[in-house]
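Below is one structure, written out as C-alpha cells; comments come after it.
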Amino acid sequence: MTEKRALVLGGGGVTGIAWETGILHGLARAGVDLTEADLFVGTSAGSVVAAQLAGGASLADLYEGQLLPPNGEIPARLTPWMLVRYLLSYAMPGTAAQKRARLGRAALKARTPSEESRLDVFAHRLSIQDWPERPLKVTAVDTADGRFVAFDRDSGVPLVRAVASSCAVPLVWPPVTIDGRRYMDGGMRSAANVDLAAGCSRVVVVAPLTRSASAAATPQAQAARLGVPSIVVSPDQAALAAIGRNVLDPARRRPAAEAGLEQARSVAEAVREVWN
C-alpha cells in the first residue's frame, strides 16, 4: 500500500455543502489542512466541495461564499410522499442495484425542473469547469440498471455533468444525461461511498448524513472495512440544529457553515491524529 491520504466528502444537500466547507475551513485554521489529500472522493453535496478543493480553490473563499444571502436560489424539499417512495424502492425484494434501478425509474418519471437549468446551476456553482490534475472521484448511479459509477478525469465525462449527476436527488432534481444514459445521486448507493478510498493509508470522512440503505453501506462501516487509520466526522447536535430539517433549503446555508466552523474545534485533535 502506498502512503497516501484520502478525503471523503459525503452527501447532504445545500446545507451539507455549507457544513462541510465550514468544518474543513475550521480544521485548516486549527492546523489540520485536509486539502493536502492525495485523493478526493465526493458524493452528492460532497462532490461539489471535493471538485473545488481538488482544483485548488481557497477554503477561506469557499467559506465566505457560503455566508452570502441565497438570492435567487430555489428552495426544495423531500416531501413525505417522496420519502415513502424511497422506502418502498429499497424495501421491496431484489439486489441492491435492482432496488436503486426501481428508484431510478421513478426519478425519470418525476416532475422536476429541467436538466438544462440544473446544469446551468452547477456551471455557476463550481469554481472550476474542467477536471483537476489531482485525483478526484465523483459518484453517481445509473437510473436504468442501478449500476454505481465513479467518474474521474479519465472517464471522458465533463466535470459539470459528473457533479450535477452526483447531486441529482431522485424525485427532486432531474437525472443527468451522460453518453445517452441518465444518472442520479451517488448517495443512493451510500451516503459517502468511503470504500472508494481503498488503497489509501489514512482516510478522513466528512459526512453530513450517515444513514444508508443498509448497515454495511454506512460511512462508519465502510471506513472500518478499509483496515487503515480513519475517522468519520458528522454533525454534532449544535450543527444538526443549525442545519434544520430540510437539507435542501438555501436559507439554512449560513448557519450550517458557521456551525461547521465551530464544530471543527472539538474534532481537530482527533482528525489530526488520523491525518498526520
Under the side-chain hydrogen bond (donor to acceptor under 3.5 Å, both in side chains) criterion, do Arg182 and Thr177 qualify, and how do the steps go?
CA-CA 4 Å; Arg182 304 289 300 283; Thr177 305; 3.2 Å; yes
Check against side-chain contact (heavy atoms from CB on, under 4.5 Å), Arg125 and Glu73
CA-CA 11 Å; Arg125 180 172 290 171; Glu73 295 188 50; 4.2 Å; yes
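- No side-chain donor-acceptor contact under 3.5 Å links Tyr90 to the backbone of Leu103.
- Among all heavy-atom pairs drawn from Cys167 and Arg118, the shortest one is O-NH2, 4.4 Å.
- Linking Ile, Leu, Val, Met, Phe, Trp and Tyr residues whenever their side-chain heavy atoms come within less than 4.5 Å places Leu126 and Ile178 in a single cluster.
- Here the shortest heavy-atom pairing between Pro75 and Pro250 reads CA-CD, 3.6 Å.
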Residue pair Val14, Asp249: steps toward the side-chain contact (heavy atoms from CB on, under 4.5 Å) verdict:
CA-CA 7 Å; Val14 294; Asp249 183 3; 5.6 Å; no
Apply side-chain contact (heavy atoms from CB on, under 4.5 Å) to Asn276 and Val32, showing your working.
CA-CA 9 Å; Asn276 295 333; Val32 188; 5.6 Å; no
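- To the nearest 0.5 Å, atoms OG1 (Thr218) and CG (Leu209) are separated by 12.5 Å.
- In terms of heavy atoms, Gly146 sits closest to Ala101 at N-CB, 3.6 Å.
- Not one N or O on the side chain of Arg134 forms a donor-acceptor pair closer than 3.5 Å with the backbone of Gly55.
- Hydrophobic clustering, with ILVMFWY side chains joined whenever heavy atoms are under 4.5 angstrom apart, groups Val169 together with Phe148.
- Residue Gln129 places its CD atom among more than 12 non-hydrogen atoms of other residues, nucleotides or ligands, all under 6.0 Å distant.
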Step-by-step salt bridge (Lys or Arg N to Asp or Glu O under 4.0 Å) determination, Asp145 to Arg105:
CA-CA 9 Å; Asp145 56 14; Arg105 289 192 292 273; over 6 Å; no
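- Side-chain atoms of Ser201 do not come within 3.5 Å of backbone N or O of Glu3 as any donor-acceptor pair.
- Two residues are said to be in side-chain contact when any heavy atoms from C-beta on lie closer than 4.5 Å; Trp173 and Thr112 fail this criterion.
- Between the side chains of Ser155 and Asp152, at least one donor-acceptor pair of N or O atoms lies under 3.5 Å.
- The hydrophobic clustering, which links ILVMFWY residues whose side-chain heavy atoms are closer than 4.5 Å, places Ile17 and Leu240 apart.
- Counting heavy atoms from C-beta on, the side chains of Trp275 and Arg5 come closer than 4.5 Å.
- When side chains are defined from C-beta on, Val138 does not count as touching Val41, because their heavy atoms never get closer than 4.5 Å.
- For Gln263 (side chain) and Ala239 (main-chain N/O), no donor-acceptor pair under 3.5 Å exists by modelled atom type.
- The number of heavy atoms from other shown groups lying within 6.0 Å of CD1 (Ile74) does not exceed 12.
- For Asp120, the CG atom counts as densely surrounded, since its 6.0 Å shell holds more than 12 non-hydrogen atoms of other residues, nucleotides or ligands.
- Side chain of Arg153 to backbone of Trp131: a donor-acceptor contact under 3.5 angstrom is found.
- No hydrogens or angles considered: a donor-acceptor pair under 3.5 Å links the side chains of Ser89 and Arg85.
- Closest approach of Thr15 to Asn246, counting heavy atoms only: CG2-O, 4.2 Å.
- With Thr43 contributing its side chain and Gly46 its backbone, the two residues share no donor-acceptor pair below 3.5 Å.
- Side-chain contact between Glu116 and Val121 is absent, with no heavy atoms from C-beta onward closer than 4.5 Å.
- Across all their heavy atoms, Tyr86 and Pro170 have their closest contact at OH-O, 2.7 Å.
- Annotation: the span from Ile23 atom CD1 to Ser266 atom OG amounts to 7.0 Å, rounded to 0.5 Å.
- Rounded to the nearest 0.5 Å, atoms CG (Leu39) and CG (Leu136) are 8.0 Å apart.
- Remark: the backbone N or O of Ala191 is paired with a side-chain donor or acceptor of Ser212 at under 3.5 angstrom.
- The cluster map of Ile, Leu, Val, Met, Phe, Trp and Tyr, joined by side-chain heavy atoms under 4.5 Å apart, puts Val233 and Leu196 in the same cluster.
- A distance-only check finds a donor-acceptor pair linking the side chain of Gln52 to the backbone of Val48 [under 3.5 Å].
- Residues Arg147 and Tyr183 meet the side-chain proximity criterion, which asks for heavy atoms closer than 4.5 Å.
- Ile128 has its side chain within reach of Leu159: a pair of non-hydrogen atoms, C-beta onward, lies under 4.5 Å apart.
- Other residues, nucleotides and ligands contribute only 12 or fewer heavy atoms inside 6.0 Å of the CZ atom of Arg265.
- The minimum heavy-atom distance linking Arg161 with Val157 is given by the pair CB-CG1, 4.5 Å.
- The number of heavy-atom neighbours closer than 6.0 Å to CG of Asp179, taken from other residues, nucleotides and ligands shown, is 12 or below.
- Leu67 and Leu59 are assigned to two separate hydrophobic clusters, defined by single-linkage of ILVMFWY side chains at heavy-atom distances under 4.5 Å.
- Contact of the Phe40 side chain with the Val49 side chain is not registered, since no non-hydrogen atoms from C-beta on lie closer than 4.5 Å.
- Distance check: Thr139 OG1 to Asn193 CG gives 4.5 Å after rounding to the nearest 0.5 Å.
- Of the inter-residue distances, the one linking Leu83 atom CG with Arg77 atom CZ reads 10.0 Å to the nearest 0.5 angstrom.
- Of the possible polar contacts, none joining the Arg272 side chain to the Leu27 backbone as a donor-acceptor pair under 3.5 Å is found.
- Annotation: side chain of Thr35 is not in contact with side chain of Leu24 (no heavy-atom distance under 4.5 Å).
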Take Asp38 and Lys4, measure what salt bridge (Lys or Arg N to Asp or Glu O under 4.0 Å) needs, and give me the verdict at the end.
CA-CA 6 Å; Asp38 301 292; Lys4 62 179 183 179; over 6 Å; no
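- When each of Ser166, Ser47, Ser44, Ser165 is tested with Asp185 by the rule side chain to side chain donor-acceptor pair (under 3.5 Å), just one qualifies, namely Ser44.
- Side-chain atoms of Arg202 come within 3.5 Å of backbone atoms of Val274 as a donor-acceptor pair (strictly under, hydrogens ignored).
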Worked verdict on Arg252 versus Ile243 for side-chain contact (heavy atoms from CB on, under 4.5 Å)
CA-CA 6 Å; Arg252 305 302 301 176; Ile243 289 168; 5.9 Å; no
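- A donor and an acceptor atom, one from each side chain of Thr21 and Gln66, are nowhere located under 3.5 Å apart.
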